[in-house]
Asks: 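Quick one: structure below, then a few questions.
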Amino acid sequence: MTLFDSPSFEGHEGVHAFSDEKSGLKTIIAVHSTARGPAAGGCRMWPYPDAEAALEDALRLSRAMSFKNAMADLDLGGGKAVIIGDARAQKTPALFEAFGACVDQLGGRYWTAEDVGVSPADLTHARKRTRYVAGLEGHPAASGDPSPVTAEGVFRGVRLCVQRALGRDLDGVRIAIQGVGHVGGYLADKLHAAGAKLILTDVNAEQLHAVAARTESKVVAPGAIFDVDCDVFAPCALGGAINAETLPRIKARVIAGGANNQLADAETGRALFNHGMLYAPDYVINGGGIINVAGEIRALEAGEAFDPAWVDAKLDRLAKTLEEVLDRALAEHRPTNEVATEIAKARITIAAEKRAAA
Ligand code: NAD
């Protein structure tokens with residue numbers, strides 16, 4: 001199969017492969033859409049087995065960023081960069097400087113930020129060669145750790161889904177959280193403060209017990225989280241938590257959490273729906289992080305300081321978008337993931353048409 005026939009390539013405006021012999025950089029920057037504004041999405045460093053696997057990941061992730069940015073109502077398109085390499089062994093300042101130069105060659109069509117394997121410190125080196133970098137630290141426009149904002153968006157989304165599916169507020173609702181890292185930990189604090197009863201798991205025992213102690217929660221082994229009696233299941237670890245094996249075990253009426261790519265595939269969304277479960281599409285409910293980054297891009301472009309009030313207003317708007325997805329899914333008797341994809345695509349198409357007409 002050639003690149004142009006690949007289903008993942010569909011809809012992409014451009015895919016850019018760069019290498020730099022001196023630093024050893026090999027990077028692919030995929031720009032899915034700039035219809036709503038410059039493409040924005042993080043840079044992932046991962047030891048991909050080959051360039052094909054790296055390309056596939058870049059394409060899949062950049063498309064997902066278009067959808068996420070559209071659903072967060074940001075004036076941003078979708079893009080993603082991947083660097084082929086082992087983040088634990090192959091990072092150097094020169095590598096990230098060379099990466100910055102590649103980003104700069106796109107002339108502002110793509111803004112980069114952190115993702116798996118890339119830290120704010122790495123981005124400082126990229127920034128020496130391009131201004132199209134967000135997620136830095138220590139300047140007035142800096143947005144800082146996005147996790148608390150992501151968790152706040154997820155919290156609002158869980159509350160909404162509980163109101164819709166169970167007709168009650170969070171007080172006394174039993175919520176199972178898989179993964180209490182950055183997002184899951186902050187989410188646990190917020191849910192505990194709202195009176196929810198939490199059951200937690202994490203593969204990191206130390207972190208698990210610390211979060212459980214401060215939120216007066218029960219803990220279970222990682223494999224047991226799918227079997228607990230609960231009203232809400234909140235995936236906040238890695239992708240693919242909801243699949244053909246785990247779905248029949250989950251007793252919750254609501255699935256709503258911060259993780260990316262929660263469903264193994266789109267059919268799992270339909271299976272959830274057939275089981276009578278309400279699913280908050282992941283790239284809608286977890287849009288708080290990219291909203292925070294967008295706040296930094298906005299501030300950098302305007303030469304202003306970061307404005308938390310702008311971020312908060314966008315989070316309110318995100319909750320409205322989730323409501324729109326739930327309303328439409330209910331009215332049309334369809335899975336929420338299918339409705340969300342349709343709305344995201346429509347928002348991108350409208351922006352593209354407006355741009356073409358201008
Ligand atoms: P993190 O690494 O801080 O937390 C993930 C936690 O999950 C860790 O504590 C890890 O030990 C745990 N974990 C991993 N595998 C597990 C398993 N099988 N069972 C139980 N626990 C397991 O990452 P994070 O920043 O909190 O992100 C969590 C998820 O949310 C990821 O899918 C990420 O892509 C997504 N996300 C994060 C943000 C953000 O702002 N950080 C924004 C949007 C989406």
Side-chain angles (χ1 to χ4, degrees), residues 40-46 57 60-61 64-65 67-69 71-72 74 76 78 80 82 87 113-120 134-135 143-158 176-191 198-212 215 217-228 233-243 245-246 249-250 255-264 280-296 311 314-315 318 322:
C43 170
R44 177 169 294 191
M45 185 167 182
W46 194 256
D57 210 28
R60 191 177 57 83
L61 293 167
M65 284 312 301
F67 289 6
K68 188 183 281 205
N69 291 340
M71 293 308 259
L74 299 171
L76 294 173
K80 200 87 181 184
V82 298
E114 325 152 39
D115 194 65
V116 179
V118 175
S119 68
S143 55
D145 178 7
S147 313
V149 183
T150 304
E152 175 62 23
V154 175
F155 171 74
R156 294 181 194 187
V158 170
I177 306 181
Q178 183 199 30
V180 286
H182 287 96
V183 175
Y186 287 118
L187 178 65
D189 290 335
K190 288 172 190 289
L191 292 170
L198 306 180
I199 307 119
L200 312 177
T201 197
D202 200 293
V203 290
N204 179 334
E206 199 182 323
Q207 194 153 290
L208 174 62
H209 289 288
V211 178
T215 57
S217 307
K218 276 194 202 153
V219 303
V220 295
I225 195 75
F226 303 104
D227 305 303
V228 300
F233 183 76
C236 295
L238 305 178
I242 317 295
N243 55 50
E245 195 270 312
T246 57
R249 294 163 56 191
I250 298 173
I255 298 195
N260 278 317
N261 305 320
Q262 292 171 26
L263 305 181
D282 45 17
Y283 62 84
V284 184
I285 195 171
N286 73 14
I290 192 67
I291 288 176
N292 207 52
V293 170
E296 179 170 334
V311 169
K314 282 287 180 195
L315 274 184
L318 187 68
L322 181 58

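The figures here come from the full heavy-atom set of this structure, side chains too, leaving out hydrogens, waters and symmetry mates. Indexing begins at 1, ligand by ligand and atom by atom, following the structure's order. Numbers here simply count residues along the sequence, with the first being 1.
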Asks: Would you say Asn286's side chain and Gly258's backbone share a donor-acceptor pair under 3.5 angstrom?
Replies: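 Yes; judged by distance alone, with no hydrogens or angles, the pair exists.
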Asks: Is it true that Asn292 and Lys314 share a donor-acceptor pair across their side chains at a distance under 3.5 Å?
Replies: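 Lys314 vs Asn292: no donor-acceptor pair found between side chains.
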Asks: Which protein N or O atoms sit under 3.5 Å from any N or O of ligand 1? Give atom names and distances.
Replies:
unit_1: ligand 1; atom_1: 3 (O); unit_2: His182; atom_2: N; d: 2.9
unit_1: ligand 1; atom_1: 3 (O); unit_2: His182; atom_2: ND1; d: 2.6
unit_1: ligand 1; atom_1: 9 (O); unit_2: Asp202; atom_2: OD1; d: 3.3
unit_1: ligand 1; atom_1: 9 (O); unit_2: Asp202; atom_2: OD2; d: 2.7
unit_1: ligand 1; atom_1: 9 (O); unit_2: Gln207; atom_2: NE2; d: 2.8
unit_1: ligand 1; atom_1: 11 (O); unit_2: Asp202; atom_2: OD1; d: 2.6
unit_1: ligand 1; atom_1: 21 (N); unit_2: Val203; atom_2: N; d: 3.4
unit_1: ligand 1; atom_1: 26 (O); unit_2: His182; atom_2: N; d: 3.1
unit_1: ligand 1; atom_1: 26 (O); unit_2: Val183; atom_2: N; d: 2.8
unit_1: ligand 1; atom_1: 30 (O); unit_2: Gly258; atom_2: O; d: 3.2
unit_1: ligand 1; atom_1: 32 (O); unit_2: Ala237; atom_2: O; d: 2.8
unit_1: ligand 1; atom_1: 32 (O); unit_2: Asn260; atom_2: N; d: 3.2
unit_1: ligand 1; atom_1: 34 (O); unit_2: Asn260; atom_2: ND2; d: 2.9
unit_1: ligand 1; atom_1: 40 (O); unit_2: Thr150; atom_2: OG1; d: 2.7
unit_1: ligand 1; atom_1: 41 (N); unit_2: Ser147; atom_2: OG; d: 3.4

Asks: Ion pair present between Asp115 and Lys80, side-chain N to carboxylate O less than 4.0 angstrom?
Replies: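 Here Asp115 pairs with Lys80 in a salt bridge, since their nearest N and O are under 4.0 Å apart.
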Asks: Ring centroid separation for Phe226 and Phe233, is it under 6.0 angstrom?
Replies: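 Distance test on ring centres: under 6.0 Å, yes.
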Asks: Does Gln178 use its side chain to pair, donor to acceptor, with the backbone of Cys236 at less than 3.5 Å?
Replies: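 Pair absent, no side-chain N/O of Gln178 close to backbone of Cys236.
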Asks: Using a 3.5 Å cut-off and no angle test, enumerate the donor-acceptor pairs between side-chain atoms of residues 217-224 and protein atoms at least two apart in sequence or in another chain.
Replies:
unit_1: Ser217; atom_1: OG; unit_2: Thr215; atom_2: O; d: 3.2
unit_1: Ser217; atom_1: OG; unit_2: Thr215; atom_2: OG1; d: 2.6

